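First the proteins, then the strands, lettered A, B, ... as listed; each starts at 1. Since this is a predicted model, take the numbers as computed values, not measurements.
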Amino acid sequence: MADTKALPTRAQDFSAWYNELILRAELADYSPVRGCMVIRPNGYAIWEQMQAALDRMFKETGHQNAYFPLFIPQSFLAKEAEHVEGFAPETAVVTHGGGKELEEPLVVRPTSETIIYAMFSKWIQSYRDLPLLINQWCNVVRWELRTRLFLRTTEFLWQEGHTAHATEAEAEAETRQMLGVYRTFMEDYIAMPVVTGQKTDSERFAGALRTYACEGLMQDNKALQAGTSHNLGQNFARAFDVTFQTAEGGLDHVWSTSWGVSTRLVGGLIMTHGDDSGLVCPPRLAQYQVVIVPIYRSEEERGAVFESCAALRKELLANGIRTHFDQREGMKPGAKYYEWETRGVPLRLEIGPRDLASGSAMLARRTGGKESVSRTGIIARIRSDLEKMQSALFEAAKARREAASLRGPKSKQEFIDFIAADGGFVYAGFCGDPAVETEIKEQTKATIRVIPDAEFQTPDRPTTCIWTGKPAKYEVVWAKAY
RNA sequence: CGGGGUGUGGCGCAGUCCGGUAGCGCGCCUGCUUUGGGAGCAGGAGGUCCCGGGUUCGAAUCCCGGCGCCCCGACCA
């Protein structure tokens with residue numbers, strides 16, 4: 001553990017707080033390779049929990065997992081014009097293999113559309129082969145100029161779904177469905193409220209018809225794009241010649257989609273719930289939901305306490321509660337409390353001689369509060385506390401986001417002032433002119449996060465553009481973003 | 001790529017101005033005493049001072065040239 005005892009506070013320096021928290025909680029570490037990170041067991045465990053939940057949701061919606069190669073022939077990337085323009089500058093390219101220069105350089109995948117559609121063109125012949133619903137869990141590489149642990153690393157882990165459909169309507173429905181799956185996951189598991197909606201052209205995925213996204217608001221009031229879902233239209237199908245015979249006997253290009261979330265979500269979890277003591281992990285994604293800390297003086301006490309703790313751990317595990325019994329000796333209970341708090345464990349049970357005598361345990365919540373609870377019925381109590389904490393974290397995050405949202409600024413100046421004062425989301429009318437979008441970004445550093453979906457729109461829709469005063473094409477959400 | 005900072009035991013740093021052969025805190029190991037909110041004492045292990053040149057009797061320290069990393073911006077999940 002680090003020598004200094006207190007973490008920098010969020011108010012002092014959010015960025016330093018974030019980096020230091022990750023190192024102290026041993027979620028990740030800097031690697032010998034610039035821009036890359038090592039995900040340590042405590043951080044990887046969170047990712048594994050995320051994967052398990054998402055994977056189940058993907059399968060419930062009919063998708064199958066597959067795996068495509070890390071290397072993509074460089075020429076593949078060039079087949080879709082917008083795509084190559086968007087990704088070529090940030091690819092890593094392998095030029096040598098086995099000591100010889102390769103005839104054609106291989107790109108380390110920044111995303112797998114190209115190689116996947118090359119394969120889809122072989123697999124799809126008929127409308128009977130559709131829809132084709134594929135997902136893969138893998139790593140990708142994007143040569144980013146500036147990196148941050150979990151939020152933007154040169155190599156990152158993610159899942160990318162790729163589907164092919166017979167009609168435009170089906171592709172659009174799939175794109176929307178997966179955006180919804182992401183939203184459900186972010187709300188129900190990460191306890192991170194998000195605003196969903198469509199991206200403007202400037203933030204649309206390279207090669208997509210339309211891009212939809214989930215946008216979270218972090219504690220420093222900066223937005224985090226947490227997941228995207230793209231309707232690719234027939235763009236990639238045309239580039240890779242993915243055609244199928246229709247029921248009527250004609251030939252058509254498939255309509256496809258792609259969607260992804262990454263290890264960035266771990267960063268979103270940290271910045272949504274972490275406090276000045278360290279990580280606060282939502283119970284449903286915690287590696288350990290409960291940690292048991294034994295307290296004793298003599299050898300006799302130690303024996304009895306350990307026996308009791310071990311039995312309790314077994315009981316909790318048997319009831320599906322992820323539990324760790326901290327058996328380390330020579331470390332005082334207080335030191336263990338601080339450590340598990342830094343790591344974000346939701347509940348802590350302290351068991352000592354007094355508790356054995358009274359048939360109880362001290363139950364401490366990561367979000368505050370500590371009391372003695374009877375061993376009888378402790379399972380139900382813990383289950384209930386975990387559920388309450390899960391929903392309380394979501395409600396608190398949602399309240400924080402709403403408090404940091406400004407709907408319908410009365411003037412351009414109010415908009416500017418709000419963003420400059422570290423405001424959060426601003427809902428305002430926009431004329432739709434890309435040049436205005438660019439100008440606002442240059443002057444305020446805020447960007448359009450999304451054109452919000454109906455449920456997020458302001459009931460009293462703005463009619464004029466906040467910047468130009470011209471008629472508003474639609475309401476958009478502005479914020480500074482990661 | 002621009003601006004700023006920084007490279008010295010595992011980690012955090014002092015020492016650099018003014019050259020004399022490396023020190024502090026934490027961590028680690030051993031032992032004893034401890035254990036209900038970050039334990040104490042005693043003993044101990046561990047360093048090519050980022051790299052390469054140069055000056056000098058002598059360089060962590062001065063000179064020249066590289067490199068790494070972090071932070072802030074432009075690009076992005």
*State whether the number of non-hydrogen atoms from other residues, nucleotides or ligands found under 6.0 Å of A:Lys222 atom NZ is greater than 12.*
yes
*Of all residues at least two apart in sequence or in a different chain, which pass the salt bridge (Lys or Arg N to Asp or Glu O under 4.0 Å) check with A:Asp55?*
A:Lys59
*Using the closest heavy atom to pick a nucleotide of RNA chain B for each, name whichever of A:Gly330 or A:Tyr482 lands nearer the 5' end.*
A:Gly330
*Which residues satisfy the side-chain contact (heavy atoms from CB on, under 4.5 Å) test with A:Pro89, sequence neighbours excluded?*
none
*Inter- and intrachain pairs under ring pair (Phe, Tyr, Trp, His ring centres under 6.0 Å), touching residues 189-209 of chain A, at least two apart*: A:His83-A:Phe205, A:Phe87-A:Phe205, A:Phe185-A:Tyr189, A:Phe205-A:His230
*Rounded off to whole Å, could you give me the CD-to-P distance for the A:Glu299 and B:rU35 pair?*
13 Å
*Take atom CZ of A:Arg302 and atom C1' of B:rU34, then tell me their distance rounded to the nearest Å.*
14 Å
*Can you sort out the partners of A:Glu82 under salt bridge (Lys or Arg N to Asp or Glu O under 4.0 Å), two or more places apart, ordered by chain and number?*
A:Arg204
*Roughly how many Å is it from CD in A:Glu442 to P in B:rA74, rounded to a whole number?*
10 Å
*Roughly, in whole Å, what's the span from OH in A:Tyr337 to P in B:rU35?*
13 Å
*Measure from CG on A:Leu349 to C1' on B:rG36 and round the result to the nearest Å.*
14 Å
*Should A:Lys336 be listed as having a side-chain N or O under 4.0 Å from OP1 or OP2 of B:rA39?*
no
*asked:* I need the CD-P distance between A:Glu350 and B:rG37, as an integer number of Å.
replied: 8 Å
*Only pairs at least two apart or in different chains count here, so list each ring pair (Phe, Tyr, Trp, His ring centres under 6.0 Å) that has a residue in residues 256-283 of chain A.*
A:Phe58-A:Trp259, A:His63-A:Trp259
Each nucleotide N or O in nucleotides 66-71 of chain B that has a protein N or O under 3.5 Å away: list the pair and distance.
unit_1 : atom_1 : unit_2  : atom_2 : d
B:rC69 : OP1    : A:Arg34 : N      : 3.4
B:rC71 : OP1    : A:Asn19 : ND2    : 3.3

_Nearest heavy atom decides the nucleotide; on that basis, is A:Leu151 or A:Arg348 closer to the 5' end of RNA chain B?_
A:Arg348
*When you compare B:rU48 with B:rA60, how far apart are their C1' atoms, in angstrom units rounded to a whole number?*
12 Å
_When you compare the ring of A:Tyr338 with the six-membered ring of B:rG38's base, are the centres less than 5.5 Å apart and the planes under 30° from each other?_
yes
*Of all the heavy-atom pairs spanning A:Val38 and A:Ser31, show the shortest one and how long it is.*
CG2-CB, 3.9 Å
*B:rG37, B:rU35, B:rG36: which one has an atom nearest the side-chain heavy atoms of A:Met362?*
B:rG36
*Begin from the C-alpha positions of A:Glu329 and A:Arg302 and carry the test side-chain contact (heavy atoms from CB on, under 4.5 Å) through to its verdict.*
CA-CA 10 Å; A:Glu329 302 199 38; A:Arg302 181 186 168 282; 2.5 Å; yes
*Output the residues of residues 175-193 of chain A in contact with RNA chain B, where contact means a heavy atom of the residue under 4.0 Å from an atom of the strand; sort by number or write none.*
none
*Provide the distance between the two P atoms, one in B:rA59 and one in B:rG5, to the nearest whole Å.*
29 Å
*Check every atom of B:rG36, B:rU35, B:rG37 against the side chain of A:Arg354 and return the nucleotide holding the closest atom.*
B:rG36
*Which residues satisfy the salt bridge (Lys or Arg N to Asp or Glu O under 4.0 Å) test with A:Asp385, sequence neighbours excluded?*
A:Arg365, A:Arg381
*Determine the interatomic distance between C1' on B:rU6 and the same-named atom on B:rC49; round to the nearest Å.*
14 Å
*If you look at every strand shown and take non-hydrogen atoms under 4.0 Å, does A:Glu144 touch a base, only sugar-phosphate, or nothing?*
base
*List in chain and number order the residues that pass side-chain contact (heavy atoms from CB on, under 4.5 Å) with A:Glu307, two or more places apart in sequence or in another chain; answer none if no residue qualifies.*
none
*Salt bridge between A:Glu339 and A:Arg343, side-chain N to carboxylate O under 4.0 Å?*
yes
*Indicate, with a heavy-atom threshold strictly under 4.0 Å, whether A:Lys370 touches base, sugar-phosphate, or nothing.*
base
*Check ring pair (Phe, Tyr, Trp, His ring centres under 6.0 Å) between A:Trp143 and all other residues, then give those that pass, not counting sequence neighbours.*
none
_Without decimals, in angstroms, what is the distance between A:Ile22 CD1 and B:rC11 P?_
19 Å
*Which is true for A:Thr153 with a 4.0 Å heavy-atom rule: it touches a base, it touches only sugar-phosphate, or it touches nothing?*
base
*Touch check for A:Gly260, heavy atoms < 4.0 angstrom, all strands: base, sugar-phosphate only, or nothing?*
nothing
*Integer angstrom distance from the C1' of B:rG3 to that of B:rA22*: 34 Å
*Round to the nearest Å and state the distance from A:Glu90 atom CD to B:rC1 atom C1'.*
16 Å
*Please assess A:Arg348 against A:Asp326 for the test salt bridge (charged side-chain N to carboxylate O under 4.0 Å, His left out), listing each intermediate value before the final yes or no.*
CA-CA 10 Å; A:Arg348 180 179 73 233; A:Asp326 189 347; over 6 Å; no
*Residue A:Pro353, side-chain heavy atoms: nucleotide from B:rG38, B:rG36, B:rG37 that is nearest*: B:rG36
*What interatomic distance, in whole Å, is found between P of B:rC75 and the corresponding atom of B:rG38?*
49 Å
*Expressed as a whole number of Å, how far does the P atom of B:rG40 sit from that of B:rU34?*
15 Å
_Give the dot-bracket line for RNA chain B from 5' end to 3' end: parentheses for intra-strand Watson-Crick or G-U pairs under 3.5 Å, square brackets for crossings, | for inter-strand pairing, dots for unpaired._
((((((((.[[[[.)....(..]]]].((((((.....)))))).....[[[[[..)....]]]]])))))))....
*asked:* Considering only residues two or more places apart or on different chains, which pairs with a residue in residues 189-200 of chain A satisfy salt bridge (Lys or Arg N to Asp or Glu O under 4.0 Å)?
replied: A:Lys199-A:Glu203, A:Lys199-A:Glu215
*P atom, B:rC57 versus B:rC71: distance in rounded Å?*
45 Å
*Can you find a side chain N or O atom of A:Lys332 that sits less than 4.0 Å from OP1 or OP2 on B:rG36?*
yes
*Quick one: label A:Glu341 by what it contacts on the DNA or RNA (base, sugar-phosphate, nothing), any heavy atom closer than 4.0 Å.*
base
